[in-house]
Amino acid sequence: MRVLRRPRRPSVNLKWSSRHVSPMTYDPLQHEVNIQERWMKEKAFRAPFAKEMTPATPTFYMLVMLPYPSGRIHMGHVRNYTLGDVVARFQRMRGKKVMHTMGWDSFGLPAENAAIQHQIHPAIWTRKNIADMKKQIQRLGISYDWDRELASFEPAYYRWNQWFFLQMWKRGDVFRALRNVNWCEALGTVLANEQVVDGKDERTGHPVVQKPMEQYFFAITKYADELIEGLESLDWPENIKAMQRHWIGRSAGARLSFELISGVRISVFTTRIDTLFGVSFLALSTEHPVIQEAAQSDPDLASFCQTIGKQSREERLTSDVKLGHRTRLQARHPMTGDLIPIFAANYVLMDYGTGAVMGVPGHDERDEAFALKYQLPIVTVIEAPTRWEPGVLIHSGDFSGMTSEAASHALVKALAQTADAEWMLTFKLKDWGLSRQRYWGTPIPTVHCPQCGVVPETEDRLPVLLPEDIQFSGRGASPLTTSTTFLQVACPECGTEARRETDTMDTFVDSSWYWLRYLDSKNTTQAFHPDEAKAWTPVDLYIGGVEHATMHLIYARYFHKVLRDLGMAHADEPFQRLICQGMVLKDGFKMSKSKGNIVDPDDVIERYGADALRLFMIFASPIEKEIDWTGFEGIEGAARFLKRVERLIDPHTPTQASLPLLSRLSPEEKKLLSKLHQTLHRMTDDLESRYSFNTLVSSLMELLNSIQEHTFSSPHADAVRQHVWDIFVRLLAPTAPHLSEYLWTRLGHSGFVAHAPWPSCIPELLVTDEILVVVQVNGKVRARLTLPSDSTDTAKQEAALRCAEVQPWLQGKTLVKVIVPPGGKIVSVVVKDA
RNA sequence: GCCGGCGUGGCGAAAUGGCAGACGCGACAGACUCAAAAUCUGUUUACCGCAAGGUAGUGGGGGUUCAAGUCCCUUCGCCGGCACCA
């Protein structure tokens with residue numbers, strides 16, 4: 001079906017007093033392209049720089065998550081960018097300076113895979129994809145300031161990643177440490193988590209093992225506490241905050257140490273120090289230094305550690321079999337002095353807490369399972385409704401009879417000297433492993449000097465550029481090691497011949513500050529000018545996919561705090577308000593190439609135009625819910641609505657005549673104008689504070705229905721009609737901007753509707769002459785009365801009790817009370833049997 | 001297992017404690033048409049009733065309130081996140 005292409009003139013059957021019938025001229029496809037060109041040419045959406053504004057200039061920063069340039073946009077992008085655009089256009093019409101722009105998260109694996117498969121350079125592949133996607137996005141008519149566009153793979157961008165790295169190095173926020181990577185022996189290469197399926201390389205099927213490697217880290221855990229606390233002040237969906245809290249995983253407890261017979265102390269972390277008298281073993285991670293050392297002289301233990309070490313993280317996490325190995329070591333209980341066996345166990349993680357736990361089988365399920373398996377004593381030391389809760393201590397020496405809470409404090413105090421006991425916070429959040437053994441990313445700006453060790457580059461030698469002479473084979477060490485020009489470098493400190501670092505940065509670094517670069521994307525001397533950050537940040541509204549709830553949104557918050565501490569960003573948090581949109585599905589499934597269920601936005605635009613697609617996307621479902629793309633029925637409805645708008649306005653001849661005094665309007669006219677201004681009021685609220693977009697569209701549809709029902713017949717009908725359409729078109733403009741521009745001109749205005757002021761509400765019109773009062777008797781609606789809007793509550797009560805519909809329900813009953821709640825739209829009558 | 005969210009017509013949904021189902025899709029009927037498309041008009045939660053109207057109804061059960069889809073308790077189902085976190 002071609003809804004909007006070459007439509008024929010409908011048989012005119014409008015209640016509308018049409019004075020002329022012109023052939024329909026609006027062709028969305030043609031018009032959309034034309035108006036987009038004009039917006040572009042006249043830089044209609046240019047955002048100003050800080051120096052062009054005063055501190056009093058109202059601004060709005062509308063940010064959407066920047067896409068990875070895969071080559072084609074999908075419906076999720078359409079939804080995301082349309083939502084952002086509706087807000088951006090609205091805020092612009094409200095008179096604010098709006099920052100709204102687009103960029104490309106353009107480093108990462110897919111480009112490198114393309115290079116391996118098709119022997120095409122990642123830069124060429126990426127540039128083409130950006131060009132293709134940009135064209136598609138532009139067809140949607142999103143009001144971006146394209147002059148601020150950026151791409152993270154450009155040296156002009158990533159040199160600042162390197163610069164930040166150096167600043168963080170200076171501050172001690174960067175460190176090197178060993179961490180396991182997915183190592184594929186057959187390929188001789190490191191693989192990303194998503195490349196590993198069932199412990200094998202997803203492409204070749206070669207086995208993958210865990211192997212420790214020296215890597216760079218950002219010390220994000222330094223900010224763990226602030227990252228949790230900061231969530232309080234944010235206007236974010238509760239579920240996202242909960243996900244972040246859980247991800248950061250703050251846990252309050254105590255640390256204490258157990259002394260081995262040899263004198264070595266083992267530190268454990270526990271949230272239940274009150275169960276100390278129930279300890280019957282210590283369990284240590286196989287990677288724990290004490291275990292590693294013991295394994296030197298204990299071949300059985302060594303082989304146990306090896307078996308566990310071979311397991312992938314996945315295997316280790318999914319098997320709930322508790323494996324342990326009893327060592328020859330024993331520790332002394334810090335209170336009782338009893339000897340306690342020490343186990344190496346697979347369920348204890350080296351990277352959480354201290355890598356060692358005290359086993360209390362009486363009050364911990366895991367410890368219990370372990371104790372049953374290895375026949376260890378199970379002692380009850382707490383009396384409580386269930387064994388897993390705090391309660392009152394028993395069998396605990398001097399501490400018996402104390403509550404768990406009191407005992408915990410007492411124990412920490414008592415053991416402070418003898419067992420190093422202290423309160424301690426532990427986090428699940430790990431330091432941010434930065435290194436990727438990849439080509440297509442920001443080179444880490446360090447060199448390995450035989451004299452000085454690992455040395456940071458100097459700022460004046462930035463950027464460290466990615467070399468071009470690279471072999472992409474998919475095997476062997478990082479591609480950067482194959483460059484002849486890249487590796488050799490003079491040590492920045494001593495000048496001796498050194499070797500460049502060949503690891504590149506995680507692409508999350510790129511997306512951790514891009515919204516600041518947008519503000520000053522052409523700056524060649526700074527990442528961005530602090531004045532710009534001051535003028536525009538924090539971001540007023542950030543919209544993106546829920547899949548970024550933890551990683552990106554935690555890294556970005558962390559980075560922002562670091563920039564704040566570097567004196568570059570002034571706010572504590574980068575994104576004041578966040579909305580996570582739901583996915584766009586097809587028949588209940590995520591659209592994907594492999595399922596062959598992709599709906600291409602271009603096809604839809606070809607058939608219905610961008611406005612219809614935009615309108616449908618907004619209307620179909622609340623923003624945070626999933627949309628199932630069931631077919632084209634929904635979008636045909638959207639196209640039909642736009643066509644109806646166009647057709648209803650078409651016969652109108654523009655007039656300069658102003659709206660007559662409200663007192664001279666007919667009741668019908670007043671009713672229509674009330675509806676108009678009520679809709680305006682409601683839509684403003686939807687756009688400004690409720691961020692309820694689907695209802696925005698239904699309000700407009702309702703309004704159009706009212707307009708269509710109205711007979712414009714009074715002497716000043718033209719002026720009324722002009723007033724109505726002038727407002728209507730502006731209300732439509734954020735959602736269907738192309739058609740609105742056409743209609744705005746059609747209504748006799750010059751300039752873009754995108755720049756027209758959002759209409760102001762006439763308060764007198766928000767109240768109607770008559771209001772509907774609902775009468776309830778014992779909670780059931782029994783009558784609907786139309787009363788003058790200035791009726792007093794008493795008058796309403798009287799009218800309610802008197803009216804014929806209500807009378808029968810009062811017969812033979814005793815009136816208990818009558819309530820008119822604030823707002824006066826309801827009279828609630830309570831009666832009881834006489 | 002833990003945490004979070006959601007359950008409303010045939011479907012997408014609305015309802016900021018105050019008329020449940022706005023708005024749209026689909027379906028059905030009618031007008032226009034030689035016909036179709038498009039457009040316009042009307043009907044569309046269930047049950048009872050010729051009708052006026054009545055009764056029930058927002059996953060199930062209970063509660064608070066003059067009033068509950070909305071708040072509280074409980075239970076079932078679905079979705080999402082995390083998952084040996086000491």
Side-chain angles (χ1 to χ4, degrees), chain A residues 1 3 7-15 237-247 249-251 253 268-272 283 316-322 345-349 351-360 364-367 369-370 426-428 546-547 549-550 582-583 616 619-622 624-628 630-638 640-641 643-644 647 685 689-690 692 694-705 708 772-784 805 816-831:
Chain A
M1 189 185 93
V3 172
R8 261 183 283 161
R9 185 74 217 156
S11 49
V12 176
N13 181 18
L14 310 175
K15 285 180 179 175
E238 221 23 74
N239 61 329
I240 306 291
K241 288 199 204 180
M243 278 161 74
Q244 292 217 346
R245 267 187 215 109
H246 192 246
W247 189 269
R250 178 167 63 187
S251 165
V268 302
F269 172 74
T270 177
T271 54
R272 292 296 305 279
R316 234 172 128 161
L317 291 183
T318 46
S319 91
D320 39 284
V321 183
K322 311 245 169 306
N346 69 339
Y347 75 92
V348 182
L349 311 171
D351 54 11
Y352 184 78
T354 60
V357 301
M358 55 182 223
V360 186
D364 181 281
E365 278 185 274
R366 269 166 319 161
D367 295 344
F370 192 83
T426 296
F427 297 91
K428 275 195 253 182
V546 66
E547 63 274 21
T550 45
M583 281 196 298
F616 172 67
F619 177 59
S621 184
E624 68 284 350
K625 282 188 84 167
E626 291 173 344
I627 293 186
D628 201 330
T630 44
F632 290 94
E633 280 131 3
I635 195 163
E636 282 182 11
R640 198 142 55 210
F641 167 75
K643 194 163 130 189
R644 194 150 60 99
R647 190 160 22 80
D685 191 42
S689 40
R690 289 203 331 143
S692 169
N694 52 330
T695 53
L696 187 93
V697 178
S698 43
S699 302
L700 264 181
M701 289 174 164
E702 253 182 87
L703 177 58
L704 188 70
N705 289 344
Q708 191 169 358
L772 185 69
V773 176
V774 172
V775 186
Q776 295 180 345
V777 180
N778 286 353
K780 285 202 165 42
V781 177
R782 295 302 178 192
R784 297 182 171 84
E805 293 94 327
V816 179
K817 59 176 161 178
V818 183
I819 297 160
V820 182
K825 289 188 292 188
I826 300 261
V827 177
S828 185
V829 181
V830 186
V831 296

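Chain letters run A, B, ... following the sequence lines, proteins first, then strands; residues in each count from 1.
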Looking only at side-chain N and O atoms, does [X] come under 4.0 Å of OP1 or OP2 in [N]?
X: A:Asn705; N: B:G24; result: yes
X: A:Ser698; N: B:A14; result: no
X: A:Gln708; N: B:C40; result: yes
X: A:Thr695; N: B:A15; result: no
X: A:Lys428; N: B:C85; result: no
X: A:Arg640; N: B:G26; result: yes
X: A:Lys625; N: B:A13; result: yes
X: A:Asn694; N: B:A14; result: yes

Between [options], which nucleotide has the shortest distance from any of its atoms to the side chain of [X]?
X: A:Gln776; options: B:C19, B:U16, B:C82; answer: B:C19
X: A:Arg690; options: B:U16, B:U39, B:C19; answer: B:U16
X: A:Ser621; options: B:G18, B:G12, B:C85; answer: B:G12
X: A:Phe619; options: B:C3, B:G24, B:A15; answer: B:G24
X: A:Glu633; options: B:G18, B:G26, B:G4; answer: B:G26
X: A:Ser828; options: B:A86, B:U39, B:G18; answer: B:G18
X: A:Leu772; options: B:C66, B:G24, B:C19; answer: B:C19
X: A:Arg784; options: B:C19, B:C40, B:G4; answer: B:C19
X: A:Arg647; options: B:C40, B:G12, B:C66; answer: B:C40
X: A:Glu702; options: B:G24, B:C84, B:A22; answer: B:A22

message: Does A:Gly637 reach a base, just sugar-phosphate, or nothing at all? Heavy atoms under 4.0 Å.
response: sugar-phosphate
Could you tell me whether A:Arg245 contacts a base, only the sugar-phosphate backbone, or nothing, with contacts defined as non-hydrogen atoms closer than 4.0 Å? nothing
Measure the distance from [atom1] on [X] to [atom2] on [N] and round it to the nearest whole Å.
X: A:Phe370; N: B:C85; atom1: CZ; atom2: C1'; answer: 17 Å
X: A:Asp351; N: B:A83; atom1: CG; atom2: P; answer: 11 Å
X: A:Phe616; N: B:C23; atom1: CZ; atom2: P; answer: 18 Å
X: A:Glu626; N: B:G5; atom1: CD; atom2: C1'; answer: 12 Å
X: A:Lys825; N: B:G17; atom1: NZ; atom2: C1'; answer: 12 Å

### Task
Apply the test side chain to side chain contact (heavy atoms under 4.5 Å, CB included) to residues A:Val357 and A:Val268: give CA-CA distance (whole Å), side-chain angles for both, the deciding distance (0.1 Å), then the verdict.
CA-CA 5 Å; A:Val357 301; A:Val268 302; 5.7 Å; no
Tell me the partner of [N], counting only Watson-Crick (N1-N3 plus N6-O4 or O6-N4) or G-U wobble (N1-O2 and O6-N3) with both under 3.5 Å; none if nothing fits.
N: B:G7; result: B:C76
N: B:A35; result: none
N: B:A29; result: B:U41
N: B:U64; result: none
N: B:A22; result: none
N: B:C82; result: B:G1
N: B:A14; result: none

Give a yes or no on whether the backbone of A:Gly359 and the side-chain of A:Asp364 come within a donor-acceptor separation of less than 3.5 Å.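 Answer holds: no.
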**Prompt:** When the P atoms of B:A14 and B:G24 are considered, how many whole Å apart are they?
**Reply:** 15 Å
Legend entry - Spacing of the C1' atoms in B:A68 and B:U8 (rounded, Å): 14 Å
field: Test: A:Lys322 cationic atom under 6.0 Å from A:Phe370 six-membered ring centre, within 45° of axis
entry: no
| message | By nearest heavy atom, map A:Gly779 and A:Thr550 onto RNA chain B; which one lands nearer the 5' end? | response |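 Its nearest nucleotide lies further toward 5', so the answer is A:Gly779.
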### Query
Taking for each residue the nucleotide of RNA chain B bearing the nearest heavy atom, is the 5' side occupied by A:Ala356 or by A:Pro622?
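The residue mapped nearer the 5' terminus is A:Pro622.
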Taking the side chain as every heavy atom from C-beta outward, state whether A:Glu805 and A:Arg784 have any atom pair closer than 4.5 Å.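 Contact flag for A:Glu805/A:Arg784 side chains = no.
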ask   = Does any non-hydrogen side-chain atom of A:Thr695 lie less than 4.5 Å from one of A:Glu702?
value = no
Scoring nucleotides 42-56 of chain B by protein non-hydrogen atoms under 4.0 Å (B base, S sugar-phosphate only, - none) yields ------------SSS
Sorted by chain and residue number, the ring pair (Phe, Tyr, Trp, His ring centres under 6.0 Å) partners of A:Phe619 (sequence neighbours excluded) come out as none
